[in-house]
Amino acid sequence: PHLIGIGENYNYLLSLNKIYSQSYVESILVNSKKIFCVSEANLSYLNDIYNLRGRTSFLPNGINFDVFNSENKFSDEFLFKLKSENDFVISFIGHFNERKGVYRLLEAVENIPNCKLVLIGNGKPINNKNILFQGTLEPNLVAKWLNTSDVFVLPTQAEGWCNAINEAMACGIPIISSDIPSVNEQLKYTKFIKVNPNNINQIREAIYTLKNNKNLRQEMSLSSKKRA
């Protein structure tokens with residue numbers, strides 16, 4: 001017996017038939033006793049295309065609240081050396097590629113004053129005085145950097161059920177992310193700012209909106225923690 005977990009985005013599922021034959025994909029799916037889907041969009045796609053109702057279940061990615069919570073922070077001494085009182089810190093977590101949107105985010109924050117950008121993920125180091133490049137980190141440090149941030153920004157073009165968004169919510173970080181079905185599903189009970197992930201100006205304006213409105217940041221922070 002075997003189980004299948006469908007954990008990627010809807011576009012990835014569509015691409016399977018370009019990588020493998022239709023009959024090969026179908027034979028694996030229809031002979032599986034159970035298929036777990038991280039998003040309702042994936043579940044609906046499999047049910048509609050392959051008639052798998054009764055064998056598919058919605059099971060979104062979980063999170064370790066012992067690690068990802070608003071109390072897991074760097075020391076005050078470390079934070080004092082890291083940033084000034086007026087610095088606005090943005091965090092990004094994900095692969096450094098076109099889909100995740102790191103380069104669009106870099107362009108969006110380029111001329112925003114008193115802004116620091118924490119980059120966490122797998123990719124080529126980016127050197128800039130306002131960029132705090134961290135690369136790939138273990139979860140405890142990811143949580144600490146999230147709790148250093150004023151906002152989490154992910155202008156992604158496609159997701160399944162995004163772990164990084166889960167982690168930001170658990171830490172109570174205000175979120176700016178994409179107005180796409182998968183993110184809207186994941187954050188449907190959370191107050192967040194939606195942007196077109198390909199529109200640099202929208203991303204920049206969303207950042208300015210939160211940078212200039214502390215009350216809104218606090219409101220969104222509470223919403224994130226409540227939803228997580």
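We're numbering straight along the sequence, starting at 1. Below, each value reflects all heavy atoms present in this structure, side chains not excepted, and no hydrogens, waters or symmetry copies.
- We find the OG-CD1 distance between S149 and I175 to be 11.5 Å, quoted to the nearest 0.5 Å.
- Counting only heavy atoms from C-beta outward, the side chains of C115 and I90 approach each other to under 4.5 Å.
- E98 has a carboxylate O that lies under 4.0 Å from a charged side-chain N of R104, or vice versa, which qualifies the two as a salt bridge.
- In this structure, E185 contributes its side chain and E40 its backbone to a donor-acceptor pair below 3.5 Å.
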When you look at F133 and F96, which way does the ring-ring contact (aromatic ring centres under 6.0 Å, His included) test go after all the steps? CA-CA 11 Å; F133 177 84; F96 296 179; 5.8 Å; yes
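- Of all heavy-atom pairs between R204 and E107, the closest is NH2-O, 3.4 Å.
- Of all heavy-atom pairs between S70 and C171, the closest is CB-O, 3.6 Å.
- Side chain of S39 to backbone of W161: no donor-acceptor contact under 3.5 angstrom is found.
- Remark: S32 OG to Y50 OH distance equals 11.5 Å, nearest 0.5 Å.
- By the rule that hydrophobic residues join a cluster once side-chain heavy atoms approach within less than 4.5 Å of another member, I112 and I203 end up as members of one cluster.
- We find that R53 and D48 are joined by a salt bridge, their nearest charged nitrogen and carboxylate oxygen being less than 4.0 Å apart.
- Using a 4.5 Å heavy-atom cutoff, the side chains of S224 and I173 are not in contact.
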Assess whether side chain to side chain donor-acceptor pair (under 3.5 Å) is satisfied between D179 and N184, documenting all intermediate values. CA-CA 6 Å; D179 188 7; N184 287 331; 2.9 Å; yes
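- Between F152 and W145, the distance from one ring center to the other does not fall under 6.0 angstrom.
- The two residues F92 and G101 have their closest heavy-atom pair at CE1-C, 4.4 Å.
- Put simply, the side chain of V118 does not reach to within 4.5 Å of the side chain of L146, judged on heavy atoms.
- For the pair S178 (side chain) and P197 (backbone), a donor-acceptor distance under 3.5 Å is absent.
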Going through the checks in order, is the side-chain contact (heavy atoms from CB on, under 4.5 Å) test met by L52 and Y45? CA-CA 10 Å; L52 296 172; Y45 171 78; over 6 Å; no
Test log, rule side-chain contact (heavy atoms from CB on, under 4.5 Å), inputs L119 and Q134: CA-CA 6 Å; L119 298 180; Q134 302 303 310; over 6 Å; no
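- Following chains of ILVMFWY side-chain contacts shorter than 4.5 Å, one can reach L46 starting from I49, so the two form part of one hydrophobic cluster.
- Annotation: K124, atom NZ; neighbour count of heavy atoms from other residues, nucleotides and ligands within 6.0 Å does not exceed 12.
- T136 and N122 share no side-chain donor-acceptor pair at under 3.5 Å.
- D150 places a side-chain N or O within donor-acceptor distance of the main-chain N or O of V89, the cut-off being under 3.5 Å.
- Using a 4.5 Å cut-off between side-chain heavy atoms of Ile, Leu, Val, Met, Phe, Trp and Tyr, with links allowed through other members, V151 and I200 fall into different hydrophobic clusters.
- Residues L187 and K194 have side chains not in contact (no heavy-atom distance under 4.5 Å, counting atoms from C-beta outward).
- The environment of Y24 atom OH is sparse: at most 12 non-hydrogen atoms of other residues, nucleotides or ligands sit within 6.0 angstrom.
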From CA spacing to verdict: side-chain contact (heavy atoms from CB on, under 4.5 Å), Q186, N166: CA-CA 9 Å; Q186 187 173 357; N166 270 1; 3.0 Å; yes
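- T209 places a side-chain N or O within donor-acceptor distance of the main-chain N or O of E205, the cut-off being under 3.5 Å.
- P139 and F68 get closest at one heavy-atom pair: O-CZ, 3.7 Å.
- Distance check, rounded to the nearest 0.5 Å: CD of E110 to CG of L105 gives 11.5 Å.
- Hydrophobic clustering, with ILVMFWY side chains joined whenever heavy atoms are under 4.5 angstrom apart, groups L210 together with Y208.
- In this structure, K211 places its NZ atom where more than 12 heavy-atom neighbours from other residues, nucleotides or ligands lie under 6.0 Å away.
- Looking only at distances, a side-chain donor or acceptor of N69 sits under 3.5 Å from a matching main-chain atom of N72.
- Under a hydrophobic-cluster definition in which Ile, Leu, Val, Met, Phe, Trp and Tyr are linked whenever side-chain heavy atoms come within less than 4.5 Å, directly or via other members, V38 and M169 are assigned to different clusters.
- Between E159 and K100 a salt bridge is recorded (basic side-chain N to carboxylate O distance below 4.0 Å).
- Considering every non-hydrogen atom in both L216 and K191, the closest pair reads CD1-CE, 3.6 Å.
- Rounded to the nearest 0.5 Å, atoms CG (L29) and CG (N51) are 12.0 Å apart.
- In E77, the CD atom is not crowded: 12 or fewer heavy atoms of neighbouring residues, nucleotides or ligands sit closer than 6.0 Å.
- Contact annotation: the side chain of T156 approaches that of I180 to within less than 4.5 Å [non-hydrogen atoms, C-beta and beyond].
- At a threshold of 4.5 Å between non-hydrogen side-chain atoms, the residues V109 and F88 do not count as touching.
- In this structure, the side chain of N61 does not engage the main chain of N163 through any donor-acceptor pair within 3.5 Å.
- A distance of 13.0 Å separates CZ of R55 from CZ of F36, quoted to the nearest 0.5 Å.
- Closest approach of E167 to I93, counting heavy atoms only: OE1-CD1, 4.1 Å.
- Rounded to the nearest 0.5 angstrom, I207 CD1 and I176 CD1 are separated by 5.0 Å.
- Counting heavy atoms from C-beta outward, F58 and N42 have side chains that stay 4.5 Å or more apart.
- No donor-acceptor contact under 3.5 angstrom links the side chains of N147 and E71, judged on distance only.
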Would you sort out whether L117 and V153 count as a side-chain contact (heavy atoms from CB on, under 4.5 Å), showing the intermediate values? CA-CA 10 Å; L117 177 59; V153 184; over 6 Å; no
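- No side-chain heavy atom of K73 sits less than 4.5 Å from a side-chain heavy atom of T148.
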